[in-house]
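See below for the structure under consideration.
In each ligand, atom 1 is the first atom listed, and ligand 1 is the first ligand listed.
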Amino acid sequence: MSASLHAPIAAISTALQDAAIGVVRLSGEGCHAIALQCFRPAGRPPASQRACVGHAFDRSGDIDKVVLTLWKAPRSFTGEDMAEFSCHGGRVVLYDVLAALIEAGARQAGPGEFTRRAFLNGKLDLAESEAIIDLITAESRAAARAALSQASGALSRQCAALRESLIEADADIMAYVDFSDEGIAEADPAALGDALRAAEEGLDRLLDTCRRGRVVRDGVQTAIIGKPNVGKSSLLNLLAGAERAIVTEIPGTTRDTVSETVSVGGLALRLLDTAGLRETDDPVERIGVQRSRETAEQAQLLLAVFDSSQPWSALDDDVLALCRDREVIALLNKCDLPRRLDNSPLKDRVSCVIPFSTVTGEGLPELERRIGSLYLPAPDEVLLVSLRHSEAAARAREALHRARIAIEQGTPPDIAEVDLRTAIAALGEITGQSVTEDVIENIFSRFCVGK
Ligand SMILES: Nc1nc2c(ncn2[C@@H]2O[C@H](COP(=O)(O)OP(=O)(O)OP(=O)(O)O)[C@@H](O)[C@H]2O)c(=O)[nH]1
Ligand SMILES: [Mg+2]
């Protein structure tokens with residue numbers, strides 16, 4: 001690698017706002033010497049893999065009392081020599097420390113340059129690097145958890161194992177192609193077919209996680225349905241923590257669909273509040289009711305609201321009909337009022353029924369728990385969250401499938417080999433073994449400076 005790839009870089013790594021602590025980071029050859037030019041220890045001199053208290057200074061004098069930590073290559077985030085100044089978190093202090101380091105010979109780092117160096121030095125693969133930005137930008141606990149699992153290499157290990165098994169199969173085919181005339185090696189089509197089938201099943205399992213991955217990435221499309229006046233809009237407002245939808249005691253209040261993204265049980269729910277389901281002569285309300293049905297059909301999750309202070313009615317049957325074969329949580333709302341609802345029609349039809357009150361908040365913890373258990377990934381669960389990864393995995397699966405069918409049908413193995421190599425390359429795109437400079441550029445340009 002050329003010297004410029006290891007040239008010392010510096011950046012402010014924390015947000016630029018008044019804060020207790022702010023960090024200025026350095027990485028690259030000679031960065032310890034640069035750091036020490038701007039640092040005067042209070043006691044013992046600094047040593048690597050240690051934190052040391054002292055003062056950061058520039059030509060005009062002391063800038064701040066700081067903690068300097070030095071890391072020796074390769075035992076650092078980037079795999080290079082690194083230094084970090086933990087300063088007081090004011091803009092002036094951080095900019096002055098950065099300026100002093102640049103004056104001493106460092107260059108201002110570009111977006112994602114530290115992580116990019118970690119990638120180039122083999123500290124992280126591409127999927128792990130991407131997970132770091134996902135962790136920083138995660139908007140829900142589910143997204144953060146999935147990102148952490150990916151940053152810890154769970155997805156990478158699965159892809160590497162699959163890729164490894166395909167490389168082995170490829171080697172068998174190559175041995176057959178190269179030496180079959182001499183009778184040295186024989187490819188066993190049955191064994192090869194089995195190996196490819198196992199890899200294909202592994203990829204299918206991985207691709208099956210896309211749906212859950214999408215929920216983590218984009219949130220759960222959720223429709224609130226129910227007959228008029230049961231408290232649908234009150235539920236939306238409760239979950240949103242704001243008066244987003246109009247609530248009145250008049251049935252038929254909501255006509256247009258009201259949407260709001262809320263965080264429930266660690267997941268982002270894309271909530272849609274709809275018009276209460278009933279027959280009506282009002283033309284505007286009728287359009288609203290029609291929209292409610294369409295929204296319900298398209299949603300991933302239905303929150304079906306029933307009024308527990310009223311007897312079960314034909315309109316509730318109508319709501320229940322929309323719940324057939326769907327992911328549903330039934331809320332028996334207004335449980336703060338005397339109970340008049342006989343909810344036996346829900347029995348055996350909806351697996352999750354929660355007594356609820358939008359007034360007292362009763363049932364909310366249970367709703368959160370239920371949504372978490374439906375969609376929250378387990379701590380080490382591997383999910384295909386990123387579109388880039390899902391797309392590459394789908395291509396790998398397609399090519400692998402073609403290769404396996406060809407082998408099983410007795411096509412000469414060297415013909416199947418082309419597809420096999422396509423599959424190997426596609427898997428390598430996820431972890432970064434086979435990926436173009438453009439793709440790498442694109443990924444790291446999404447990072448912030450200092451990461
Ligand atoms: N006591 C009690 N009243 C509630 C509760 N939830 C909602 N309400 C009241 O029920 C009435 C209807 O509430 P909304 O939230 O407007 O009901 P909706 O289902 O959106 O009604 P439409 O938009 O007409 O379909 C209002 O007067 C609310 O204050 C609850 O948990 N307990
Ligand atoms: Mg309403």
Side-chain angles (χ1 to χ4, degrees), residues 220-265 269-299 301-323 326 328-343 345-346 350 352-371:
V220 189
Q221 292 290 342
T222 309
I224 306 176
I225 58 169
K227 69 180 182 186
N229 217 40
V230 291
K232 299 180 296 300
S233 300
S234 305
L235 176 65
L236 176 95
N237 290 346
L238 174 74
L239 295 176
E243 298 300 309
R244 281 284 292 114
I246 298 169
V247 168
T248 74
E249 65 292 343
I250 306 160
T253 301
T254 306
R255 285 141 175 245
D256 243 347
T257 313
V258 182
S259 64
E260 183 72 28
T261 299
V262 302
S263 173
V264 180
L269 297 195
R270 312 254 172 236
L271 273 187
L272 292 167
D273 175 26
T274 62
L277 295 170
R278 66 169 173 183
E279 291 296 326
T280 168
D281 293 332
D282 182 321
V284 180
E285 193 183 349
R286 201 156 28 181
I287 296 171
V289 171
Q290 182 52 32
R291 284 205 187 149
S292 299
R293 293 185 185 280
E294 288 163 12
T295 306
E297 275 160 23
Q298 286 158 15
L301 172 68
L302 299 179
L303 297 180
V305 185
F306 300 90
D307 185 340
S308 65
S309 71
Q310 299 292 326
W312 186 271
S313 74
L315 291 175
D316 291 315
D317 282 321
D318 204 16
V319 173
L320 196 52
L322 279 178
C323 296
R326 306 293 305 279
V328 183
I329 298 175
L331 300 176
L332 309 182
N333 193 34
K334 310 196 189 183
C335 74
D336 53 295
L337 299 176
R339 169 109 184 219
R340 290 179 63 202
L341 186 77
D342 167 18
N343 64 311
L346 290 175
V350 176
C352 178
V353 179
I354 304 173
F356 203 90
S357 169
T358 66
V359 173
T360 64
E362 186 172 337
L364 186 57
E366 177 61 14
L367 177 65
E368 299 218 329
R369 200 194 55 73
R370 181 71 191 185
I371 288 174

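Contacts between N333 and ligand 1 below 4.0 angstrom, taking non-hydrogen atoms only, involve the side chain exclusively. At a 4.0 Å heavy-atom cut-off, ligand 1 does not touch D273 at all. At a heavy-atom cutoff of 4.0 Å, ligand 1 is contacted by no atom of L235, backbone or side chain. Using a 4.0 Å cut-off between heavy atoms, L337 contacts ligand 1 through its side chain alone, with no backbone atom that close. The proximity of S357 to ligand 1, defined as any non-hydrogen pair under 4.0 Å, involves the side chain as well as the backbone.
When only modelled atom types and interatomic distance are considered, D336 and T360 share no side-chain donor-acceptor pair under 3.5 Å. Q298 and E294 share no side-chain donor-acceptor pair at under 3.5 Å. Side-chain contact check for S308 and R339: no donor-acceptor pair (N or O, by modelled atom type) lies under 3.5 Å. For the residue pair T280/D282, the side-chain donor-acceptor check at 3.5 Å is not satisfied.
The shortest N or O to N or O distance between G276 and ligand 1 is below 3.5 Å. Note: no N/O pair closer than 3.5 Å links A275 and ligand 1 by distance alone. Between T274 and ligand 1, no pair of N/O atoms sits closer than 3.5 Å.
For ligand 1 and I250, the ligand atoms under 4.0 Å from any heavy atom of the residue are 24 (O). Atoms of ligand 1 found under 4.0 Å from any heavy atom of E249, numbered from 1 in the order shown, are 27 (O). Annotation for ligand 1: atoms under 4.0 Å from non-hydrogen atoms of S233 are 15 (O), 18 (P), 20 (O). Near P251, with a cut-off below 4.0 Å to any heavy atom, the atoms of ligand 1 are 24 (O). Applying the 4.0 Å criterion to heavy atoms of K232 picks out, from ligand 1, the atoms 15 (O), 17 (O), 18 (P), 19 (O), 20 (O), 21 (O), 22 (P), 25 (O).
Regarding atom 22 (P) of ligand 1, its nearest protein heavy-atom neighbour is N229 N, 3.6 Å. Protein heavy atom nearest atom 14 (P) of ligand 1, with residue, atom name and distance: S234 OG, 3.6 Å. Shortest contact from atom 10 (O) of ligand 1 to any protein heavy atom: K334 NZ, 3.0 Å. Counting only heavy atoms of the protein, atom 28 (C) of ligand 1 lies nearest to V247 CG1, 3.7 Å. Looking only at protein heavy atoms, the nearest one to atom 26 (C) of ligand 1 is T248 O, 3.4 Å. The protein heavy-atom contact nearest to atom 32 (N) of ligand 1 is D336 OD1, 2.8 Å. When only non-hydrogen protein atoms are considered, atom 17 (O) of ligand 1 lies nearest to G231 N, 3.1 Å. Scanning the protein heavy atoms around atom 31 (O) of ligand 1, the nearest turns out to be T358 N, 2.9 Å.
Salt-bridge annotation for D307 and R340: absent, with no side-chain N of the basic residue lying under 4.0 Å from a carboxylate O of the acidic one. Of the charged side-chain nitrogens involved, none lies within less than 4.0 Å of a carboxylate oxygen, so that K227 and D317 do not count as a salt-bridged pair. Classification of R278 and E285 as a salt-bridged pair holds, one side-chain N sitting under 4.0 Å from a carboxylate O.
By the criterion of a separation under 2.8 Å, the protein N/O/S atoms near the Mg ion (ligand 2) amount to S233 OG, T254 OG1.
Judged by distance alone, with hydrogens and angles left aside, the side-chain atoms of S292 form a donor-acceptor pair with the main-chain N or O of G288 at under 3.5 Å. Remark: the backbone N or O of S233 is not paired with any side-chain donor or acceptor of R244 at under 3.5 angstrom. Not one N or O on the side chain of N237 forms a donor-acceptor pair closer than 3.5 Å with the backbone of S234.
Once rounded to the nearest 0.5 Å, the distance linking CD of E362 with CG of L367 reads 13.0 Å. One distance of note links CG of L277 with CG of D318; it measures 6.0 Å at 0.5 Å rounding.
Side-chain contact between R291 and D256: present, with at least one pair of heavy atoms (C-beta onward) separated by less than 4.5 Å. Looking at heavy atoms from C-beta onward, L341 lies in side-chain contact with F306 at the 4.5 angstrom threshold. With contacts defined as side-chain heavy-atom distances shorter than 4.5 Å, the pair I224/T274 does not qualify.
When the shell of 6.0 Å around CG of L337 is examined, it contains more than 12 heavy atoms from other residues, nucleotides or ligands.
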